[in-house]
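These numbers come from the heavy atoms of this one structure, side chains and all, not from hydrogens, waters or symmetry mates. Order of listing sets the numbers, starting from 1, for every ligand and every atom in it. In this text, all values refer to a predicted model and were calculated from it rather than measured experimentally.
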Amino acid sequence: MAGISCGLGNGFCQELIAPASTVVIFGASGDLTKRKLIPSLFGLYKNGLLNDETKIIGCARTKMDDESFREKMNNDVRGTLKSQKEKDLFDLFTRKLFYVSGGYGEDETYGKLSSKIEQLEAEKYEEMVRVYYLSTPANLYETIVKNLGAAGLVDEPVPGETSRRVIIEKPFGFDSESANKLDQELWSVLKEDQIYRIDHYLAKETVQNILMLRFANMIFEPLWNNKYIDNIQITVSESIGVEHRAGFYEQSGLLRDMFQNHMLVMLCLVAMEPPNSFDANSIRNEKVKLLNSIRSWSTDDINESFVRGQYTYSKQDGEEKYAYRDEEGVDKGSTTETFVAAKLFIDNWRWKGVPFFLRSGKRLAKRSSEIAITFKEIPHSIFGNSDSQPLSPNVLVLNVQPDEGVSLSFNAKKPGPKLCMGNLSMDFKYSDVFDADNTDAYGRLLLDSMLGDQTLFIRSDFISKAWELLTPVLKQWEKQGEDKLKFYSSGSWGPRAADSLIEKCGGKWRNDI
Ligand code: BG6
């Protein structure tokens with residue numbers, strides 16, 4: 001084992017270049033393609049991570065050909081690039097773009113797609129990885145996958161290898177039953193290791209860093225348990241409202257939109273046991289094990305442990321913010337929640353008795369996401385009267401966004417003749433230390449899907465367990481309707497009941513984030 005050594009090493013570093021791939025984007029005329037997918041693929045190209053042979057085929061109902069698709073991407077994406085050098089590179093990149101138009105349920109579309117792929121892959125057919133990105137409404141997943149199957153487009157050319165992959169975005173169902181049904185439909189065509197379910201939070205730098213911080217350092221893991229940790233708070237707060245997504249949001253609500261996926265994923269990374277290696281299945285096994293240890297809630301517990309809220313009108317600094325019920329496309333009597341706070345416990349040796357407080361909401365005071373690990377108070381203070389002036393506990397904060405980084409607060413002596421204690425914090429911000437041009441979340445996920453690395457994608461058993469936990473909560477809220485729905489002013493930190501939830505346990509939300 002390595003002992004003391006001198007000098008600074010660069011540490012472990014692994015960045016792989018994607019193999020030659022054909023990336024097919026269904027829903028290519030939509031918003032996600034121009035906002036995220038094409039810019040991210042271009043980002044990979046710019047950073048030398050995209051194989052030269054790679055081709056990108058857009059597919060959607062809108063009538064376009066290769067040229068008009070390239071022109072559209074030029075208008076939508078090229079203009080957002082800052083330097084002339086990037087614009088010139090983008091011109092080269094657009095030669096990789098192709099297009100097939102047609103309805104998602106029509107055989108003809110898949111026939112055209114098949115010929116296009118054949119023509120582009122030419123004699124490289126067996127060597128090419130194929131990634132189909134379903135950037136369409138979720139109700140089209142089944143149709144597209146069935147048609148891909150019928151057209152032989154996901155058949156594996158080399159038995160035993162998995163080079164035909166399908167990426168799907170959440171929502172993966174809207175409760176236990178629908179998620180299981182979706183899985184059955186996907187499995188009737190694809191094997192589980194061909195299915196790449198995206199949770200873009202898993203690809204955020206700081207979320208990925210949770211595993212590095214915990215398992216690549218000796219100093220944290222010995223303290224990472226109920227002996228030293230008092231409570232853990234996970235907050236994902238957004239200042240925006242539902243924007244133009246009311247149609248989707250009315251069917252979804254915050255618990256489905258943020259908790260069933262992003263919040264639980266972060267909880268798992270913070271609380272899971274060390275996996276035996278950094279491979280996809282070891283990590284995914286530990287996440288599911290953790291989900292299985294979350295204590296489920298009885299009917300009474302649901303009322304005690306969850307607060308759901310909805311934002312109302314407010315006027316701040318002269319700016320008016322609509323109430324959720326007044327947003328375009330929202331029912332005037334809607335009981336859809338735009339805020340959830342929850343308290344949960346993990347019943348295993350490591351976490352017995354440690355409360356986890358999770359909250360997320362739209363139209364909150366500011367956009368900020370963090371995981372705060374508050375350590376216990378010291379057992380005995382030698383510094384005067386600890387009852388009247390308790391020392392602040394140490395808090396380790398993982399800032400997920402917008403100021404990605406890590407900070408640790410601790411007590412220190414203030415300079416001077418008196419014995420005065422001050423609370424300091426040791427901070428590190430990604431932007432101060434590393435190159436700002438990190439591969440963005442979608443770029444990371446697209447690269448991994450081409451590489452066949454499923455670590456950052458969600459496995460079916462995770463989804464099914466997450467729904468199993470939360471479906472009873474959703475059912476109870478559905479029965480309760482407006483009863484127990486708490487309203488909060490836009491721009492606040494959520495309903496007062498959310499404060500009471502944590503105050504009853506002697507805690508306080510960290511609103512100074
Ligand atoms: C999406 C939700 O998954 O995540 C949105 O559907 C939410 O409602 C978004 O706004 C938040 O993502 P981010 O990366 O902006 O924190």
*Could you tell me the residue and atom name of the protein heavy atom closest to atom 16 (O) of ligand 1, and the distance to it rounded to 0.1 Å?*
Y201 OH, 2.4 Å
_Closer than 4.0 Å to some heavy atom of K204 - which atoms of ligand 1 meet that?_
13 (P), 14 (O), 16 (O)
*When you look at K46 and E86, which way does the salt bridge (charged side-chain N to carboxylate O under 4.0 Å, His left out) test go after all the steps?*
CA-CA 8 Å; K46 197 175 67 181; E86 279 188 313; 2.8 Å; yes
*How far is atom 9 (C) of ligand 1 from its nearest protein heavy atom, and which residue and atom name does that atom have?*
E238 OE1, 4.2 Å
*asked:* Below 30° counts as parallel, above 60° as perpendicular, anything between as tilted: where do the rings of W297 and F306 land?
replied: perpendicular
*asked:* Once rounded to the nearest 0.5 Å, what's the spacing between atom OH of Y133 and atom OH of Y196?
replied: 14.0 Å
*asked:* Just to confirm my output: which protein heavy-atom neighbour is closest to atom 8 (O) of ligand 1, and how far is it?
replied: D257 OD2, 2.6 Å
_With heavy-atom distances below 4.0 Å as the criterion, list the atoms of ligand 1 near K170._
1 (C), 2 (C), 3 (O), 6 (O)
*Give yes if a backbone or side-chain nitrogen or oxygen of Y249 is under 3.5 Å from a nitrogen or oxygen of ligand 1, and no if not.*
no
*asked:* Is the shortest side-chain heavy-atom distance between K96 and Y45 below 4.5 Å?
replied: yes
*asked:* Can you name the atoms of ligand 1, numbered from 1 with element, that are less than 4.0 Å from a heavy atom of K362?
replied: 5 (C), 7 (C), 8 (O), 10 (O)
*Return the residue, atom name and 0.1 Å-rounded distance of the protein heavy atom closest to atom 1 (C) of ligand 1.*
H262 NE2, 3.7 Å
*asked:* I need the nearest protein heavy-atom contact for atom 12 (O) of ligand 1: residue, atom name and distance, please.
replied: H200 NE2, 3.2 Å
*Just by distance, with hydrogens left out, do R444 and Q208 show a side-chain donor and acceptor under 3.5 Å apart?*
no
*With K72 as the cation and F69 as the aromatic partner, state whether NZ or CZ is under 6.0 Å from the six-membered ring centre and within 45° of the axis.*
no
_Distance from atom 15 (O) of ligand 1 to nearest protein heavy atom, with residue and atom_ = R367 NH2, 3.9 Å
*Can you tell me if S282 and N285 form a side-chain donor-acceptor pair at under 3.5 Å?*
no
*Below 4.0 angstrom from a heavy atom of Q401, which ligand 1 atoms are there? Numbered from 1 as shown, please.*
13 (P), 16 (O)
*Parallel, tilted or perpendicular, as decided by the 30° and 60° cut-offs, for the rings of Y430 and F428*: tilted
